[in-house]
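None of the values given here were measured: they were computed from a predicted structure.
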Amino acid sequence: MLLIAALSLLVLGTGVHPAPCETVRIPMCKEMPWNITRMPNHLHHSTQENAILAIEQYQELMDINCSPVLSFFLCAMYAPICTLEFLHDPIKPCKSVCQRAKDGCEPIMKRYNHSWPENLACDDLPVYDRGVCIAPEAIVTDIPEGKGTLYMGIIKCFNHDV
């Protein structure tokens with residue numbers, strides 16, 4: 001997997017003290033365009049094992065595919081991407097990604113007397129034009145031919161929302 005090799009070089013081959021990055025082991029998140037995460041995550045899970053136990057509660061929503069961005073959103077929260085630039089404060093998903101996941105899944109949750117979890121509140125996440133965040137449409141995993149740079153697609157733009 002080209003992404004693993006490139007990220008490993010990026011994280012391990014810099015001469016910097018070893019980063020607190022680790023390979024994503026959360027089964028639901030292994031198909032994401034990133035494969036290195038860091039703990040604690042945005043929900044304060046100190047280990048991936050703890051995160052696995054917590055994220056499993058969303059498996060049924062994933063199975064019914066209530067939102068095309070639900071898995072991306074959950075993985076960005078439970079197994080945040082680890083990069084050298086953001087070692088101390090992992091990158092959060094954009095508020096708009098959360099809102100799309102919530103809009104698709106909350107109506108189904110309400111049928112069973114559940115609401116969108118407070119710990120996944122969209123209002124607590126960065127807005128595309130006011131901070132750094134990630135969204136599925138911004139992830140670029142290809143390394144352009146002849147270039148030594150890996151583009152992670154981290155959003156920091158102005159004047160429009162994703």
Are M39 and I91 co-members of a hydrophobic cluster defined by side-chain heavy atoms under 4.5 Å apart? no
Across all chains, not counting sequence neighbours, the side chain to side chain donor-acceptor pair (under 3.5 Å) partners of T23 are none
In chain order, what residues pass the side chain to side chain contact (heavy atoms under 4.5 Å, CB included) check against L61, with sequence neighbours excluded? Y58, I64, C66, L70, C105, I108, M109
Only counting residues at least two apart or in another chain, list the ones meeting ring-ring contact (aromatic ring centres under 6.0 Å, His included) with H45. Y78
Sorted by chain and number, sequence neighbours left out, side chain to side chain donor-acceptor pair (under 3.5 Å) with D103 holds for Q99
Treating T37 as the side-chain partner and V24 as the backbone partner, does any N or O pair qualify as donor plus acceptor under 3.5 Å? no
With sequence neighbours left out, what residues match C98 under side chain to side chain contact (heavy atoms under 4.5 Å, CB included)? F73, W116, C122, L125
Give the minimum heavy-atom separation between M28 and L74, together with the two atoms involved. SD-CD1, 4.4 Å
Any residue meeting side chain to side chain donor-acceptor pair (under 3.5 Å) with E106, in chain and number order, not counting sequence neighbours: none
List in chain and number order the residues that pass side chain to side chain contact (heavy atoms under 4.5 Å, CB included) with E118, two or more places apart in sequence or in another chain; answer none if no residue qualifies. none
Return the minimal non-hydrogen interatomic distance between P93 and P126, and the atom names on each side. O-CD, 3.7 Å
Can you list the residues that meet the salt bridge (charged side-chain N to carboxylate O under 4.0 Å, His left out) rule with D63, with sequence neighbours excluded? none
Just jot down the side chain to side chain contact (heavy atoms under 4.5 Å, CB included) partners of E56, sequence neighbours excluded, or say none. I52, L53
Once you round to the nearest 0.5 Å, how far does CZ of F72 lie from CD1 of I134? 4.0 Å
Not counting sequence neighbours, which residues clear side chain to side chain donor-acceptor pair (under 3.5 Å) with E49? List them please. R25
